[in-house]
Amino acid sequence: FTLRSLVAVFMSLIIYKLTFLPFEAVKAGIIACWSPMGSLGPAYTAYHGGDVELASFANTMSIFVSLIIIPTLAIVL
């Protein structure tokens, strides 16, 4: 989960610093970096014999974190 957050921060910084798009498009790109993980993760994990409970937990936590970060980004940006 921490790795996903670090990747989201890194991608957000890249979008913010290195794109020449209008600021509204930059904001949309940054918010998209913080969107929840795909809901097919637990099913894909079960198909390959992985830990379904852990995959479900990570999916749920990504939704909760996104519910906090996305509105904050929308207000700050």
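Any value given below was found using the heavy atoms of this structure, including those in side chains, with hydrogens, waters and symmetry copies removed.
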Closest heavy-atom pair and its distance - [X], [Y]:
X   : Y   : result
C33 : M11 : SG-CB, 3.6 Å
W34 : I70 : O-CD1, 3.8 Å
L21 : V26 : O-CG2, 3.9 Å

[X] [atom1] to [Y] [atom2] distance, which is reported to the nearest 0.5 Å:
X   : Y   : atom1 : atom2 : value
L77 : T72 : CG    : OG1   : 10.5 Å
I14 : I30 : CD1   : CD1   : 11.5 Å
I15 : F10 : CD1   : CZ    : 11.0 Å

Could you check E53 against F57 for side-chain contact (heavy atoms from CB on, under 4.5 Å), going step by step and ending with a plain yes or no? CA-CA 6 Å; E53 290 82 16; F57 176 74; over 6 Å; no

So, T45 side chain and D51 main chain: donor-acceptor pair closer than 3.5 Å or not?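 The answer is no, because no donor-acceptor pair under 3.5 Å joins these two groups.
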
Y47 atom OH, over 12 foreign heavy atoms within 6.0 Å: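 Open: at most 12 neighbouring heavy atoms sit under 6.0 Å from OH of Y47.
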
Hydrophobic cluster identity match, V65 and L13, side-chain contacts under 4.5 Å: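 Linked within one cluster.
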
